[in-house]
Amino acid sequence: MSTTTTSADKIVRRRVAVEFLGKGMTMADVALVLGVSLSSVKRWKKAHRQGGDEALLPKPQLGPESKLDASQRERLQELLLAGPLAAGFSTELWTCRRVAEVVRREFGVDYHPDHLGRILHDLGFSPQKPQRRASERNEAAIARWRSHDWPRIKKSAVAGTRCSSFSMNPAFACSR
């Protein structure tokens, strides 16, 4: 059973509470029947008395207005897709600090690097961890080793009769 309450549920519950109060139920009984606190019922009664049904509507929870408008966010997305090298950085790796610097340069807006992670997520970007690989890496040699050498090594290890165990526990002893 879900415990999440939607705005519509809240409106209905508040209106039912006011209706019950209008029929003569006590605030304590209304709170008990609806499974809410007594203070909520008192607050709803006072709000309805002062503002009618409109006062029972949930108040919108607005955060601060975004510092970047829709067109600036679109432009930021274009800049990010062009890559860090195009933005004047020495490596092909975006970090929140670098994005903050680009936003400051392009739009004159200061964002904390930690907050930019949320903005980047809203733009459809996700954190990526670059794979560390040696620059001398030879993919052909690795593929050859995997296809020829590894099966041979694996086969000879299985064929051997001796096993190795560093444990003195008999449960881990070799049973071949």
* To do: Kindly compute the distance separating NZ (Lys45) from CZ (Phe20), expressed to the nearest 0.5 Å.
  => 15.5 Å
* Structure fact -> Only residue of Arg104, Arg105, Lys67 satisfying salt bridge (charged side-chain N to carboxylate O under 4.0 Å, His left out) with Asp110 is Arg104
* Do you know the tightest heavy-atom contact between Trp44 and Ala17? -> CE3-CB, 3.7 Å
* Asked: To the nearest 0.5 Å, how far apart are CD in Gln72 and CD in Glu106?
  -> 10.5 Å
* To do: Classify the side-chain pair Thr91/Arg98 by whether it contains a donor and acceptor separated by less than 3.5 Å.
  => yes
* **Check against side chain to side chain contact (heavy atoms under 4.5 Å, CB included), Leu123 and Glu74** => CA-CA 8 Å; Leu123 292 175; Glu74 190 174 307; over 6 Å; no
* Examine Val99 and Leu81 and state if one hydrophobic cluster contains both, with Ile, Leu, Val, Met, Phe, Trp and Tyr joined whenever side-chain heavy atoms are less than 4.5 Å apart. => yes
* **Side-chain ion pair, Glu78 and Arg75, N-O less than 4.0 Å** => yes
* Cluster check Val33, Met27: I/L/V/M/F/W/Y, side chain < 4.5 angstrom -> yes
* Distance in Å, Leu56 CG paired with His48 NE2, rounded so as to fall on 0.5 Å steps -> 5.5 Å
* Thr26 side chain reached by Val30 side chain, heavy atoms, under 4.5 Å -> no
* Same apolar cluster: Leu34 and Leu38, side chain cutoff 4.5 Å -> yes
* Kindly work out whether a path of hydrophobic side-chain contacts (I/L/V/M/F/W/Y, heavy atoms less than 4.5 Å apart) joins Ile11 to Val18. => no
* Structure fact -> Nearest heavy-atom approach of Leu80 to Trp94 is O-NE1, 2.9 Å
* Structure fact -> Taking every heavy atom of Ala87 against every heavy atom of Val102, the minimum-distance pair comes out as CB-CG2, 4.1 Å
* To do: Would you sort out whether Leu76 and Phe107 count as a side chain to side chain contact (heavy atoms under 4.5 Å, CB included), showing the intermediate values?
  => CA-CA 9 Å; Leu76 175 60; Phe107 309 110; 4.1 Å; yes
* So do Ile119 and Arg73 actually touch side chain to side chain, heavy atoms under 4.5 Å? -> yes
* To do: Output the distance between atom CG (Leu21) and atom NZ (Lys42), rounded to the nearest 0.5 Å.
  => 12.0 Å
* To do: Decide if atom CZ of Arg137 counts as having more than 12 heavy atoms of other residues, nucleotides or ligands within a radius under 6.0 Å.
  => yes
* Should Val109 and Phe125 be regarded as members of a common hydrophobic cluster, given that ILVMFWY residues are connected when their side-chain heavy atoms come within less than 4.5 Å of each other, either directly or indirectly? -> yes
* **Rounded distance (nearest 0.5 Å) linking atom CD of Glu19 with atom CE of Met25** => 10.5 Å
* Asked: Just checking, is any N or O donor in the side chain of His115 or Arg118 under 3.5 Å from an acceptor N or O on the other one?
  -> yes
* Can you measure from CG (Asp149) to NZ (Lys154) and round to the nearest 0.5 angstrom? => 14.5 Å
* To do: Would you mind reporting whether Arg14 and Pro58 have side-chain heavy atoms less than 4.5 Å apart?
  => yes
* Taking everything shown except Glu54 itself, do over 12 heavy atoms lie less than 6.0 Å from its CD? -> no
* Is there a donor-acceptor contact under 3.5 Å from the side chain of Ser147 to the main chain of Ala143? -> yes
* **Pair Glu101 + Arg97, salt bridge at N-O below 4.0 Å** => no
